[in-house]
Amino acid sequence: MLIIIRPSGEIALKSPRSRRNFEHTLANNIRSIIKEGKIWRSQGVLFLEVNDNNKNIEELSKVFGIASFSPVMSIKSYNNNLEDIINKAKEVFAEIVKGKIFSVRAKRIGSHNFTSLDVQRKVGEALYPFSRGVNLENPEVEVFIEIRNDVAYFYYKIIKGPRGLPVGVAGKTVVLFSGGIDSPVATWMMMKRGSIPVILNFNLGGSVHRKFVLEELSVLRKWSGGHKLKLFIVNGTDVLIKLSQIEKRNRVVMLKRVMYKVAERLCDKANAKSITTGESLSQVSSQTMTNLYVTEYGIKYPIFRPLIGFDKEEIVELARKIGTYEYSIKLPEYCAISTKARTSVELDEVLKDEKNLNIDYEKVLENSEVIEI
Ligand SMILES: Nc1ncnc2c1ncn2[C@@H]1O[C@H](COP(=O)(O)OP(=O)(O)OP(=O)(O)O)[C@@H](O)[C@H]1O
């Protein structure tokens with residue numbers, strides 16, 4: 001089976017060098033998902049040749065960097081002969097247009113002694129007797145012919161990809177991953193922009209928490225362009241016990257600060273250049289602008305919050321589409337940390353608490369469980 005894969009529109013807008021790199025990463029990602037066959041680049045698209053029974057093809061709709069793809073039939077070296085194209089079109093499409101109102105769409109790259117309009121008209125005429133008529137604006141089925149130099153491709157299915165950029169082109173980010181609804185969506189958004197997530201979870205609910213995090217990550221793994229996901233699980237209850245030494249009103253922001261600080265150490269270790277969270281402005285009291293300012297004060301890496309402007313309904317909609325929602329909602333409430341924060345903590349107080357607590361972030365990270373998914 002031959003498949004034509006169209007990269008996201010924005011890849012085509014890059015400089016020739018970046019475009020080549022992006023397409024190359026996309027091809028590698030596809031290769032590691034499809035696991036067999038041949039893949040090659042040609043004039044802005046990728047071609048993939050695989051066994052007809054390859055079930056992994058469906059996974060292409062989750063590969064970032066793909067705008068769409070189509071299984072195609074092709075004829076080679078037809079010597080600029082429109083008759084050959086018409087005959088092949090009849091062979092491929094007669095059954096598809098049978099009893100239906102249809103339209104033919106044709107595109108061309110290269111020099112030929114006919115135009116795309118000629119192809120549409122002639123193939124339309126040839127298919128007409130099999131059909132119920134032609135309607136260019138509102139057909140029941142569309143059939144496509146794409147002529148690229150001396151090869152003509154025929155297809156009738158355009159399957160959408162998720163667009164975005166191939167995972168791997170944008171470097172690594174450490175994601176603070178709670179297992180709630182938001183952070184899996186934030187992880188997905190960063191992968192959509194080409195970043196490889198390194199997952200950091202503070203376990204606050206023992207084996208139940210661990211189980212849901214792993215399940216959500218196995219869903220996200222389907223969107224990772226074949227890249228393995230590395231998960232670091234920190235013992236969050238140990239941290240909570242330490243935090244019982246400070247005033248209740250500062251604990252939630254302090255816990256978040258500990259998370260950011262450990263994430264900072266993990267960035268150093270994993271060569272990641274940013275931290276990502278699932279925070280959305282003012283969603284809960286720990287996510288007010290003041291509290292976010294205090295939480296991230298002095299952190300040396302940029303903090304990305306891809307959901308900052310989203311409301312909960314929008315996030316839920318995305319979580320459903322991604323497939324993590326059904327696991328996130330089962331995560332018990334005790335794993336949510338933000339319910340009892342003051343909306344505006346004092347930076348000086350928190351910095352003083354931090355000094356007194358004197359947590360060894362390096363050690364916290366060293367003691368984490370590391371899993372590769
Ligand atoms: N246990 C945790 N381990 C790692 N990161 C966490 C943890 N709890 C919270 N975070 C990070 O802080 C962000 C905000 O968490 P918070 O509990 O305040 O809000 P939330 O809306 O419930 O987020 P989520 O739905 O992702 O749990 C999370 O999106 C995540 O990035």
Fill in: Whether over 12 other heavy atoms sit under 6.0 Å from Lys122 NZ
no
Discussion item. So does Gly171 get a backbone contact from the side chain of Ser195, meaning a donor-acceptor N/O pair under 3.5 Å?
Written reply: yes
Worksheet item: Rounded to the nearest 0.5 Å, how far apart are CD1 of Ile11 and CG of Leu26?
Response: 6.0 Å
Discussion item. Would you compute the distance between atom CD of Glu366 and atom CZ of Arg265 and round it to the nearest 0.5 angstrom?
Written reply: 11.5 Å
Worksheet item: What residue pairs, at least two apart or across chains, pass salt bridge (Lys or Arg N to Asp or Glu O under 4.0 Å) with a residue in residues 175-188?
Response: Asp182-Lys312
Under 3.5 Å, which donor-acceptor pairs do the side chains of residues 187-194 form with other protein atoms, sequence neighbours left out?
residue: Thr187; atom: OG1; partner: Ser183; partner atom: O; Å: 2.7
residue: Arg193; atom: NH1; partner: Glu10; partner atom: OE2; Å: 2.9
residue: Arg193; atom: NH2; partner: Glu10; partner atom: OE1; Å: 3.2

Fill in: Shortest non-hydrogen contact between Lys160 and Phe69, atoms and distance
O-CE2, 4.3 Å
Worksheet item: Counting only heavy atoms not in Tyr361, do more than 12 sit closer than 6.0 Å to its OH atom?
Response: yes
Practice prompt. Any chance you could measure Ser344, atom OG, to Asn291, atom CG, to the nearest 0.5 Å?
Written response: 6.5 Å
Worksheet item: Where do Asn135 and Glu140 land on the side chain to side chain donor-acceptor pair (under 3.5 Å) test, with the steps shown first?
Response: CA-CA 8 Å; Asn135 185 333; Glu140 290 170 305; over 6 Å; no
Worksheet entry | Heavy-atom side-chain contact between Leu220 and Thr324 under 4.5 Å | yes
Worksheet item: Taking NZ, NE, NH1 and NH2 as the nitrogens, is one of them in Arg210 or Glu369 under 4.0 Å from a carboxylate oxygen of the other?
Response: yes
Worksheet entry | His209 side-chain N/O to Gly179 backbone N/O, donor-acceptor pair under 3.5 Å | no
Item to complete: Taking all non-hydrogen atoms of both residues into account, name the closest pair between Pro162 and Ser61 and its distance.
Response: CD-O, 3.3 Å
Practice prompt. Carefully, step by step, assess Phe310 and Gln283 under the rule side-chain contact (heavy atoms from CB on, under 4.5 Å).
Written response: CA-CA 9 Å; Phe310 283 35; Gln283 189 189 78; over 6 Å; no
Item to complete: Look at the rings of Tyr293 and Tyr297 and say which category their plane angle falls in: under 30° parallel, 30 to 60° tilted, over 60° perpendicular.
Response: perpendicular
Practice prompt. Drop me the distance from Phe212's CZ to Tyr327's OH, to the nearest 0.5 angstrom.
Written response: 9.5 Å
Discussion item. Test of understanding: with salt bridge (Lys or Arg N to Asp or Glu O under 4.0 Å), list the residues that count as partners of Arg163, not counting sequence neighbours.
Written reply: none
Discussion item. With a 3.5 Å distance limit and no angle check, can you tell me whether Ser274 reaches the backbone of Thr173 through a side-chain donor-acceptor pair?
Written reply: no
Practice prompt. Inspect the surroundings of CE in Met1 and state if more than 12 heavy atoms from other residues, nucleotides or ligands are less than 6.0 Å away.
Written response: yes
Worksheet entry | Within-4.5 Å side-chain heavy-atom neighbours: Ile86 and Val119 | no
Worksheet entry | Flag, side chain of Arg132 to backbone of Lys100, donor-acceptor distance under 3.5 Å | no
Worksheet item: Is Glu59 salt-bridged to Lys222, going by a charged N under 4.0 Å from an acidic O?
Response: no
Worksheet item: What pairs meet the salt bridge (Lys or Arg N to Asp or Glu O under 4.0 Å) rule with one or both residues in residues 271-287, with sequence neighbours excluded?
Response: Lys256-Glu279, Glu279-Arg305
Worksheet item: Do other residues, nucleotides or ligands put more than 12 heavy atoms under 6.0 Å from Glu372 CD?
Response: yes
Worksheet item: So how far is it from Ile308 CD1 to Met289 CE, rounded to the nearest 0.5 Å?
Response: 8.0 Å
Practice prompt. Assess whether salt bridge (Lys or Arg N to Asp or Glu O under 4.0 Å) is satisfied between Arg19 and Glu23, documenting all intermediate values.
Written response: CA-CA 6 Å; Arg19 182 175 179 173; Glu23 288 176 359; 3.1 Å; yes
Practice prompt. Compare every heavy atom of Ala89 with every heavy atom of Phe154, then report the nearest pair and how far apart it is.
Written response: CE2-N, 3.7 Å
Fill in: Short side-chain to backbone donor-acceptor contact, Asn235 and Asp238, under 3.5 Å
yes
Item to complete: Begin from the C-alpha positions of Ser68 and Arg6 and carry the test side chain to side chain donor-acceptor pair (under 3.5 Å) through to its verdict.
Response: CA-CA 5 Å; Ser68 68; Arg6 303 169 197 91; 2.8 Å; yes
Discussion item. Using every non-hydrogen atom in the two residues, find where Gly180 and Ser328 come nearest and quote the distance to one decimal.
Written reply: O-OG, 3.0 Å
Practice prompt. Flag the pair Asp118 and Arg108 as a salt bridge only when some basic side-chain nitrogen lies within less than 4.0 angstrom of an acidic carboxylate oxygen.
Written response: no
Fill in: Residues Glu91, Lys88; criterion salt bridge (Lys or Arg N to Asp or Glu O under 4.0 Å); working and verdict
CA-CA 5 Å; Glu91 184 191 316; Lys88 186 71 180 177; 3.4 Å; yes
Worksheet item: Is any NZ, NE, NH1 or NH2 atom of the basic residue among Glu95 and Lys98 found under 4.0 Å from an Asp or Glu carboxylate oxygen of the other?
Response: yes
Item to complete: Carefully, step by step, assess Tyr155 and Glu146 under the rule side chain to side chain donor-acceptor pair (under 3.5 Å).
Response: CA-CA 8 Å; Tyr155 54 90; Glu146 203 167 314; 2.6 Å; yes
Item to complete: Would you check if the distance from the ring center of Phe232 to the ring center of Phe177 is below 6.0 Å?
Response: no
Worksheet item: Side-chain contact, heavy-atom cut-off 4.5 Å: Ile75 with Asp84?
Response: yes
Discussion item. Check Lys321 with Glu317, please: is the shortest side-chain N to carboxylate O separation under 4.0 Å?
Written reply: no
Discussion item. My understanding is that only residues two or more places apart in sequence, or in another chain, count here; which of them pass salt bridge (Lys or Arg N to Asp or Glu O under 4.0 Å) with Arg105?
Written reply: Glu142
Response to the item:
For Asp311, the salt bridge (Lys or Arg N to Asp or Glu O under 4.0 Å) test, sequence neighbours excluded, returns none
Discussion item. The test is side-chain contact (heavy atoms from CB on, under 4.5 Å); show your working for Tyr128 and Val97 and say whether it passes.
Written reply: CA-CA 8 Å; Tyr128 189 80; Val97 301; over 6 Å; no
Worksheet item: What do you reckon, is NZ of Lys330 surrounded by more than 12 foreign heavy atoms closer than 6.0 Å?
Response: yes
Discussion item. I'd like to know if the side chain of Thr288 reaches the main chain of Thr343, judged simply by a donor and an acceptor atom lying under 3.5 Å from each other, with no hydrogens or angles considered.
Written reply: yes
Discussion item. Are Leu60 and Leu48 packed together at the side-chain level, in the sense that at least one heavy-atom pair is separated by less than 4.5 angstrom?
Written reply: yes
Worksheet entry | Ser70 side chain to Val72 backbone, donor-acceptor under 3.5 Å | no
Item to complete: Check whether any side-chain heavy atom of Leu255 sits under 4.5 Å from a side-chain heavy atom of Met259, and report yes or no.
Response: yes
Worksheet item: Does Asn56 reach the main-chain N or O of Ile33 with its side chain, forming a donor-acceptor pair under 3.5 Å?
Response: yes
Item to complete: Answer yes or no: is there a donor N or O on one side and an acceptor on the other, between the side chain of His227 and the main chain of Val167, under 3.5 Å?
Response: yes
Practice prompt. Look up atom CD1 in Ile3 and atom CG in Leu46, then write down how far apart they are to the nearest 0.5 Å.
Written response: 11.5 Å
Fill in: Donor-acceptor under 3.5 Å (Glu49 side chain, Lys38 main chain)
no
Item to complete: Could you go through the side chain to side chain donor-acceptor pair (under 3.5 Å) check for Gln245 and Asn356 one step at a time?
Response: CA-CA 9 Å; Gln245 297 170 32; Asn356 292 336; over 6 Å; no
Worksheet entry | Smallest separation among heavy atoms of Val151 and Ser74, with atom names | CG1-CB, 4.0 Å
